[in-house]
Amino acid sequence: MVAALLPTYARADLRFVRGEGPRLFTENGEVYLDCTAGIAVNALGHAHPHLVNALKDQAEKLWHTSNLFRIPDQERFAERLVARTFADRVFMTNSGAEAIECALKMARKHHAVSGRPERYRFVTFEGAFHGRTLATIAAGGQSKYLEGFGPPMEGFDQVPFGDHDRVQAAIGPETAAILIEPIQGEGGIRPVPREGLRGLRELADEHGLLLILDEIQCGVGRTGHLFAHEAAGIEPDIMAIAKGIGGGFPVGACLATENAAKGMTAGTHGTTFGGNPLAMAVGNAVLDVVLEEGFLQRVRDAARHARQKLARLVDEHPLVLKGIRGEGLMLALECVVPNAEFIAAARDARLLLVPAGDNVVRFLPPLTISDEDLDLAVEKLSAACGELEDAMAGTTPEAVK
Ligand SMILES: *Cc1c(COP(=O)(O)O)cnc(C)c1O
């Protein structure tokens, strides 16, 4: 890696020059099957023709005007999200962290304008990830991201994942909202059970709190529902989205009910780039595809296919893998070996995966992947297992543990 870059990433030594659907091509013409989808960003794969055309058309017309003026495609994008979700109001951002920042500010402002300015605290969960800004690392609460960056921002009360009683105990007179990912992404693909989400909704209602969902990774069709919380039959007050909604163009948004958003009046918040014409051309193009009749059903079918094949793979390779979890095409393989070794072996088989907490590897193919390519991915995973098993030949299962 060049010294000119801030070395905050331990990058794989791979340089891609082209992508097509679930495939990435290196400068030497090597082909990789991409089951990272840019960390759940390239929801429609690489170089999707509809997205490419939308971007090209818009590039020749108008890129940016600022939010001083009306942006027709932004209005359309917001109206489409409002029509399809719990939300009445949408604020555009360029990233997930900014969408969460908006959500946090909005929740505090909501209580402030409701005559309860003392309510500024958030109940959050261990293993959470909400971004890299100072507020969002405080919300995530992970020491590896907080260390050395000064006193963490005040106002986050973190409770163990999946512990309803501890949530209840953490709620006090200063609590403004509960913030949770319906499926923890970086934390290791840990889904909140449906009754857990319903329980949080009830607690929020009972105590006059707002429920904020971080669907930055699990939203936009990834679970086979447009948004993951739909499966639980609940609605949040505020929701942050990003990643998949831009299909690779930086787009994020904070969605809210009219009530939750009531304090966010003219001048209280803003963004220079958020929702500019170029971003909104792509955002609308992503919605065109994802909202098409049958798209989400296809994701659910692909997910069922992938899950069956992966379950068999896990059964066949107990020295390497021990389980599978997740929902839709947001899946994880639980590793026996260190997850970094599994990812390296998969890379040798020309398959790309993402690590996550709790020693899992994330399997996040584009939502458009075919059954044939899912089968190919499983073959490559099987080859990776074989490579690792050969390397440990002679060791017994006990010794591996
Ligand atoms: C990626 C992610 C974020 C942060 O998004 P950025 O665009 O990197 O700022 C926040 N929350 C979740 C759940 C994420 O997966």
Side-chain angles (χ1 to χ4, degrees), residues 6 8-9 35-43 91-107 122 124-142 144-146 149 153 156 158 161 177-192 197 200 211-223 225 227-229 236 238-255 271-275 279 282-283 286 325-332 353-358 360-364 367:
L6 195 68
T8 52
Y9 279 95
C35 290
T36 70
I39 318 185
V41 166
N42 305 100
F91 180 84
M92 262 29 101
T93 69
N94 314 287
S95 70
E98 285 169 278
I100 295 285
E101 290 269 350
C102 177
L104 298 173
K105 287 176 74 176
M106 183 186 284
F122 300 93
T124 57
F125 294 82
E126 285 174 10
F129 181 82
H130 300 296
R132 304 291 196 149
T133 63
L134 285 167
T136 56
I137 57 175
Q142 301 209 36
K144 65 178 172 181
Y145 299 137
L146 284 164
F149 295 119
M153 187 180 131
F156 296 95
Q158 198 166 51
F161 185 80
I178 299 168
L179 167 63
I180 191 165
E181 298 155 84
I183 304 177
Q184 281 191 350
E186 309 299 308
I189 311 293
R190 296 199 293 172
V192 179
L197 277 181
L200 292 177
L211 178 62
I212 306 172
L213 296 183
D214 179 344
E215 292 228 14
I216 291 166
Q217 192 162 151
C218 62
V220 197
R222 184 54 53 192
T223 62
H225 300 275
F227 294 105
H229 68 267
I238 304 176
M239 175 171 74
I241 65 173
K243 294 204 161 97
I245 193 66
F249 199 93
V251 182
C254 179
L255 284 67
T271 170
T272 298
F273 290 123
V282 181
V286 170
R325 65 195 195 212
E327 279 177 29
L329 289 176
M330 187 170 180
L331 295 170
L353 298 166
V354 206
D358 207 19
V360 308
V361 297
R362 277 178 279 180
F363 184 81
L364 301 170
L367 305 181

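When a ligand or atom number is given, it counts from 1 through the structure's own listing order.
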Inset, instruction - Check for a donor-acceptor pair, side chain of D214 on one end and backbone N or O of I216 on the other, with a separation under 3.5 Å. - result: yes

Legend entry - Main-chain N/O of A128 paired with Q142 side-chain donor or acceptor, under 3.5 Å: yes

Legend entry - Gap separating the CD atom of E98 from the CE atom of M92, nearest 0.5 angstrom: 13.0 Å

Inset, instruction - Determine, stepwise, if the pair F227 / V220 fulfils side chain to side chain contact (heavy atoms under 4.5 Å, CB included). - result: CA-CA 6 Å; F227 294 105; V220 197; 4.1 Å; yes

Quick check for students: name every N or O atom pair between ligand 1 and the protein closer than 3.5 Å, with distances.
{"unit_1": "ligand 1", "atom_1": "7 (O)", "unit_2": "G96", "atom_2": "N", "d": "2.7"}
{"unit_1": "ligand 1", "atom_1": "9 (O)", "unit_2": "G96", "atom_2": "N", "d": "3.4"}
{"unit_1": "ligand 1", "atom_1": "9 (O)", "unit_2": "A97", "atom_2": "N", "d": "2.7"}
{"unit_1": "ligand 1", "atom_1": "11 (N)", "unit_2": "F129", "atom_2": "O", "d": "3.2"}
{"unit_1": "ligand 1", "atom_1": "11 (N)", "unit_2": "D214", "atom_2": "OD1", "d": "3.4"}
{"unit_1": "ligand 1", "atom_1": "11 (N)", "unit_2": "D214", "atom_2": "OD2", "d": "2.7"}
{"unit_1": "ligand 1", "atom_1": "15 (O)", "unit_2": "Q217", "atom_2": "NE2", "d": "2.7"}
{"unit_1": "ligand 1", "atom_1": "15 (O)", "unit_2": "K243", "atom_2": "NZ", "d": "2.6"}

Inset, instruction - Determine whether more than 12 heavy atoms belonging to other residues, nucleotides or ligands lie under 6.0 Å from atom CZ of F273. - result: no

Legend entry - Ion pair R362/E186, N-O distance below 4.0 Å: yes

